[in-house]
Amino acid sequence: MSNMLAIAQKELKGYFASPIAYIVIGFSAILFGWFFINLLYYFDRMAMQAGGGFGGPQSVNVNESLIAPLFLNVSVILLFTLPLVTMRTYSEEKRSGTIELLLTSPLTDLQIVMGKFLGGLVLYAAMLAVTVVHMAFLFAFGNPEWRPVVTGYLGLLLMGSCFLSLGLFISSLTRNQIVAGMITFAVFLLFWVVNWISTFTGPTTQAVLNYLSITEHLNDFTRGVVDTKHLVYYVSFIAFSLFLTVRSVDSERWRG
Amino acid sequence: MIEVQHLTKRYGPTTAVDDVSFTVEKGEVLGFLGPNGAGKTTTMRVLTGYMPPTEGRAVVAGFDISDEPIEAKRRIGYLPETPPLYPEMTVRDYLLFVSRIKGVPRASRAARVNEVMERTRVADVATRHCGKLSKGYRQRVGLAQAVLHNPDVLILDEPTAGLDPKQIIETRQLIKEFGGDHTIILSTHILPEVSQTCHRVVIINKGRVVAVDTPDNLTARVRGSETMYVQVEAPAPADVQTALAAVSGVTHVSLAETRGPIAGYEVNSEAGRDVRRELASAVVVKGWGLLELRPLRMSLEEIFLHLTTEEVAHE
Ligand SMILES: Nc1ncnc2c1ncn2[C@@H]1O[C@H](COP(=O)(O)OP(=O)(O)OP(=O)(O)O)[C@@H](O)[C@H]1O
Ligand SMILES: [Mg+2]
């Protein structure tokens, strides 16, 4: 446990010592703000038409029409920012030779992988923390339900963890961080668009494609529903990616 | 302290280390000598648990590196060929991080880091970023990193590579100091380093051990015959050569150099036979001037070349 935290802390310090943390947090704050303002205008117009005014009794539901789409839009931000977070985790250690320090220290491969995952997760949580400000604004001037907001954040954390664990695995495959970043982006994109063609296919294929899509599982979370089905999907996705990463580090040892 | 048995490591079709066996006693400093690509780094990587062997086994400080890697690694300090530094960390932060993952107790970490920084002479760059250090300082921070948890066994891959002469002497001194209570394996290309710091030498070539011995024994072992250097002042060098060759026990005389009337000769004689007196009288009897007479020793360089070129006949 202490070993894992040591690695996680080292990773975090690394993010903040380089521009990555600032780029990732800044970029996501700007994009989130942009989505927020646009959705807010849109919501405001709809609310006017409904005749209730902002936060009025007859108004359009702020959770359904503003917060849920906002959360779904976050997946776009993750598509661009999370590859930056994971691309160097293993690649850079391999390139610079510091992997020799980690692998000859009394640490297990799992502790190293979990430490790196945790470091990325904390940075991602910091990224999400910035968006809490926007939410606070909604709570101050309106009266949204808090439950979908909390489950929405839970869903975002889980979805982000999927991306992070997958990115970690891809980074463990190459010593070139740019290559790692690009492949990670491409793979994220694939998981993001995989169900776009589902409307043209048969019901079985549609179900499969929807199930595979990382973002599809977020919908229920943004509506305040925590379905075991989605939890199982996210948790097993994360566990499997981390498992693959441990295997990849181990097989790298054999190949040298 | 270190026991290596029939170690073999293959990278796909290339065999980097081929059936290597040796042992190192507690407190001993073992030199690992070999040309580029001999398999020194590969052997060290297996010993430190960085990569598993293809065949054979290694026991370090009582623990098999494949069966109980964590226990073995607790007792090993390793300086890889490239010091494993994080460029964005300061030297102190880096050493604190390493002491943490090596299992130094939290309470003694700061004091231990300071002590090691003093000892490896990096205290003056404690707040500098590792990425901005000169090669010599990187190497020393690498050494500091290896000794932090006071390991029983130190494995150093070319610890003096890239250092200036003063730093080389300091580093050798440091290695000797650590040698007292640690077992050390160090690899090097520099031969004098071996005779100065190591108790024993393993010479390795193309993945195979070609010799294991003390530096002195190696010198003696390779010297098949005695060679003398004789410098004589005489009118005709050819006469001197004939006269020297006539001495009983001498097998061969060659002219090494001439400077006017003075000439130097290399005289080979049968092994174990001291012909110095006979050589001296042979010169003096003729009335020539005997300027110099001394035994020529084969240097470590020559031994090394001798052992690592085709003549593996001594094995
Ligand atoms: N990761 C690797 N993959 C494939 N072959 C390798 C790898 N590492 C080393 N080798 C090969 O194994 C052999 C031994 O290499 P090694 O690095 O152990 O030599 P060395 O004695 O340390 O050499 P040097 O004095 O140059 O450091 C070489 O032929 C090298 O090309
Ligand atoms: Mg080497």
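Residue numbering restarts at 1 for every chain, and letters A, B, ... go by the order of the sequence lines.
Under the 4.5 Å side-chain criterion, counting only non-hydrogen atoms from C-beta, A:K10 is not in contact with B:D93.
More than 12 heavy atoms of other residues, nucleotides or ligands shown are found within 6.0 angstrom of CZ on A:F139. Within 6.0 Å of CZ in B:R128 there are 12 or fewer heavy atoms belonging to other residues, nucleotides or ligands. Within a 6.0 Å radius of NZ in B:K132, no more than 12 heavy atoms belonging to other residues, nucleotides or ligands are found.
Note that the CG atom of B:L79 and the OG1 atom of A:T104 stand 10.5 Å from one another [nearest 0.5 Å]. Between the NZ atom of A:K13 and the CZ atom of B:F97 there is a distance of 9.0 Å, given to the nearest 0.5 Å. Distance check: B:Y50 OH to A:L103 CG gives 6.0 Å after rounding to the nearest 0.5 Å.
Under a 4.0 Å N-O distance rule, the pair B:R45/A:E100 qualifies as a salt bridge.
Smallest separation of non-hydrogen atoms from B:P84 and A:G97: CB-O, 3.8 Å. Taking all atoms of both residues into account, the shortest heavy-atom contact from B:R100 to A:S2 is NH2-O, 3.7 Å.
Of the listed residues (B:P52, B:P80, B:G49), the greatest number of heavy-atom pairs within a distance under 4.5 Å of chain A belongs to B:P52.
Residue B:E71 does not touch chain A at all, counting heavy-atom pairs closer than 4.5 Å. Heavy atoms of B:Y78 lying under 4.5 Å from chain A belong exclusively to its side chain. For a residue to count as touching a neighbouring chain, one of its non-hydrogen atoms must lie under 4.5 Å from one of that chain's; by this rule B:P69 does not touch chain A. Heavy atoms closer than 4.5 Å to chain A are found in both the backbone and the side chain of B:I101. Of the two parts of A:E92, neither the backbone nor the side chain holds a non-hydrogen atom closer than 4.5 Å to a non-hydrogen atom of chain B.
Residues of residues 105-114 of chain A lying under 4.5 angstrom from chain B, judged on non-hydrogen atoms, are A:S105, A:P106, A:L107, A:T108 in numerical order.
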